[in-house]
Amino acid sequence: MIISIASGKGGTGKTTVAANLAASLNQPVTVLDCDVEEPNLHLFLHPEIQSREKVIAPVPEIDLDRCTFCKKCMDICRFNAIAVTANTVVTFPELCHSCGGCTVICPENAVTEKERILGTVETGTVPLPDMNFGQGLLDIGQVMVPPVIRQVKSHRAPDQGITLIDAPPGTSCPVIAAMKDTDFVVLVTEPTPFGLNDLKLAVETVRLMNIPHGLIINRAGIGDDAVYAYAKEKNLPVLMEIPYDKAIAQAYSKGDLIIAQQEDYKEKFQTLYKKICLLADSEKCAP
Amino acid sequence: MKELVILSGKGGTGKTSLTAAFAGLKSSLMLCDADVDAADLHLIMAPDVQETHDFVGGNEAVIAPDRCTGCGTCLELCRFDAIDENQGEYTVDALNCEGCGVCVDMCPESAIDFPRKTCGQWFVSHTRFGPMVHARLGIAEENSGRLVALVREQAKKRARDAHIDLILTDGPPGIGCPVIASIGQASAILIVAEPTVSGIHDMKRVGELAAHFKIPAMVCINKFDLNLDQTRAIETIAREKNILVAGKIPFDPAFTKAMIQIQTLLEYDDTCPAAKAVRNIWETVMTHPAMKLERLM
Ligand code: SF4
Ligand code: SF4
């Protein structure tokens with residue numbers, strides 16, 4: 001069972017939900033922070049990182065002794081990552097999408113691939129029973145986010161286990177990469193005009209991807225009722241509400257879990273998981 | 001001409017509400033919403049759209065079944081897992097297609113078409129605070145970085161034509177391609193940080209990014225009274241990293257109330273403590289040396 005926690009935009013409490021849900025489950029769980037531009041989950045779960053691996057993308061390297069400057073590699077490259085002049089070739093690795101077209105097309109076998117580092121994936125365990133942890137970190141100045149996310153996701157729990165994915169914000173390539181192949185998406189929103197606007201986009205995205213989904217309304221009470229009306233209109237099950245509560249906001253500011261402060265929330269998050277199981281493909285649910 | 005880009009590392013820190021509140025503090029400015037992925041500024045600005053343009057981003061591979069012989073070359077070459085095969089029938093999974101065109105060029109039957117696709121729209125609008133350039137990236141589309149660059153270019157061009165000397169840009173979240181596209185050549189960035197462990201973490205990452213691209217950075221702390229220890233931590237980090245602390249805004253429900261009324265904070269309540277803090281921050285930001293320099297644009 002793979003559950004993604006998404007929100008259309010950051011700051012709605014996605015990470016809070018992911019961390020508290022993970023810590024409430026009485027089953028082995030793997031939590032993966034796929035918000036690789038700004039991973040925050042570790043601040044709440046305090047994992048012990050046991051291994052680190054680099055995320056590597058192949059980029060072209062040109063052997064100028066072989067190159068006849070035919071420009072075929074430049075022509076095939078849609079990302080302007082290769083410039084060929086009369087007697088030299090310049091590559092721009094930061095623009096390269098690693099499609100490999102230049103290596104295939106070069107008639108002289110002058111293009112090989114070298115490695116460029118995009119970021120790091122860290123894995124380890126959380127000092128709570130049976131919790132594995134993984135996160136990706138995009139290197140500063142790098143732009144290729146999806147490969148980093150895919151590599152974090154390769155660390156998901158073995159078959160029967162539960163994997164929780166903290167997805168990045170937005171509706172474009174990074175969030176698609178995170179939500180792809182997950183069994184259920186939990187959308188977290190807050191009841192304000194901004195929250196509603198971002199939720200609508202997120203709902204369009206999950207519906208396009210055809211993944212079962214439900215809603216958590218965080219900071220309930222701070223805004224208006226438009227989010228509830230929208231949920232009703234779109235047949236969007238409201239799985240849980242977390243009221244606006246200064247104590248929760250303060251716990252969050254310190255990096256504490258809600259369940260550490262308010263014991264009854266543990267049960268609420270367990271109920272949340274049961275609701276998810278009912279809505280997702282039931283075979284995926286661990287007993 | 002100068003451009004101030006408001007960033008936060010992550011959404012939800014009040015970046016857009018602050019941008020909106022600033023908009024009323026100068027009589028002539030250009031607004032630019034560079035958060036093309038989940039734009040929110042228009043919700044407060046209620047823009048009157050004057051121009052709508054398509055954003056033609058990349059291309060997308062499409063296999064023509066009548067020309068395909070099922071050789072499988074495309075499947076073998078595609079590195080993005082975008083080619084599906086089902087009983088000898090080959091199709092492209094649009095969600096995975098990166099638009100690199102390798103399959104298009106290498107298909108021995110020339111069976112793959114490569115139409116340009118519209119990835120979103122961008123707009124030029126009137127608002128009660130001045131002109132605004134904004135955009136909407138289509139769901140599940142790529143190239144947000146290019147759309148951000150386009151929106152900023154248009155904002156500059158139109159500001160120049162209208163003799164407007166300040167662009168206020170609401171930036172995208174994160175530190176990836178859209179953010180990088182939103183800060184190049186900016187006069188300065190203002191980071192909106194919250195006094196939380198994650199807020200500090202995010203602020204450090206954007207701060208590093210700004211330093212990497214040599215853009216002067218300032219920070220303001222929103223909801224500073226939520227956690228005074230974390231507020232002090234932000235101030236210390238900012239000092240170490242040579243980032244000016246432009247001010248602190250107290251937690252104030254007026255922000256959300258204003259949003260619900262489709263008003264800026266200052267329109268909603270000009271005298272609340274948050275409004276006073278916002279004015280002071282604006283003064284400080286506008287007198288920062290980086291905001292006095294004309295940048296060649
Ligand atoms: S691998 Fe693809 S994107 Fe990279 S240089 Fe070659 S053709 Fe261009
Ligand atoms: S390479 Fe061309 S002919 Fe071969 S399977 Fe792909 S589309 Fe069909």
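Because the structure is predicted, anything quoted here is derived from the model rather than measured. Chain naming here is simple, since letters A, B, ... match the order of the sequence lines and numbering starts at 1 in each.
- Residues satisfying the side chain to side chain donor-acceptor pair (under 3.5 Å) criterion with B:S125, sequence neighbours excluded, are B:H134.
- Taking A:D35, A:N197, A:T192 one by one and counting their heavy-atom pairs under 4.5 Å with chain B, the maximum is reached by A:N197.
- No part of B:A181 comes within reach of chain A, as not one of its non-hydrogen atoms sits under 4.5 angstrom from that chain.
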Extract all donor-acceptor atom pairs below 3.5 Å that involve side chains of residues 253-260 of chain B and protein atoms in other chains or at least two apart in sequence.
none

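- Ring pair B:H201/A:H42 is perpendicular by interplanar angle, where above 60° counts as perpendicular and below 30° as parallel.
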Evaluate A:L201 against B:R136 for side chain to side chain contact (heavy atoms under 4.5 Å, CB included), listing each step before the verdict. CA-CA 11 Å; A:L201 301 173; B:R136 171 76 202 105; 3.1 Å; yes
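- When the side chain to side chain donor-acceptor pair (under 3.5 Å) test is applied to A:Y228, the partners found at least two apart in sequence or on another chain are A:E241.
- With a 4.5 Å cut-off on non-hydrogen atoms, A:V36 touches chain B through its backbone but not through its side chain.
- The existence of a salt bridge linking B:D105 and A:R78 is confirmed by a sub-4.0 Å separation between a basic side-chain nitrogen and an acidic carboxylate oxygen.
- A salt bridge links B:R79 and A:E113; the closest N-O separation between the charged side-chain nitrogens and carboxylate oxygens is under 4.0 Å.
- For a residue to count as touching a neighbouring chain, one of its non-hydrogen atoms must lie under 4.5 Å from one of that chain's; by this rule B:S8 does not touch chain A.
- Neither the backbone nor the side chain of A:L41 comes within contact range of chain B; no heavy atom of the residue lies under 4.5 Å from a heavy atom of that chain.
- Using non-hydrogen atoms only and a strict 4.5 Å limit, the part of residues 251-259 of chain A facing chain B consists of A:Y252, A:S253, A:K254, A:G255.
- Counting heavy-atom pairs closer than 4.5 Å to chain A, the top residue among B:P195, B:S198, B:G176 is B:S198.
- Residues A:E94 and B:C177 have side chains not in contact (no heavy-atom distance under 4.5 Å, counting atoms from C-beta outward).
- Taking the side chain as every heavy atom from C-beta outward, B:L95 and A:I176 approach each other to under 4.5 Å.
- Ranked by heavy-atom pairs shorter than 4.5 Å toward chain A, the options B:E194, B:H212, B:E98, B:Q230 are led by B:E98.
- Of all the heavy atoms in B:D202 and A:N40, the pair that sits closest is OD1-ND2, 3.1 Å.
- Taking 4.5 Å as the limit, every side-chain heavy atom of B:V206 sits out of range of all side-chain heavy atoms of A:E37.
- The contact between B:D93 and chain A is made entirely by side chain atoms (from C-beta outward), counting heavy-atom distances below 4.5 Å.
- Shown here for A:V104 and B:M106, the closest heavy-atom pair between the two residues is CG1-CE, 3.2 Å.
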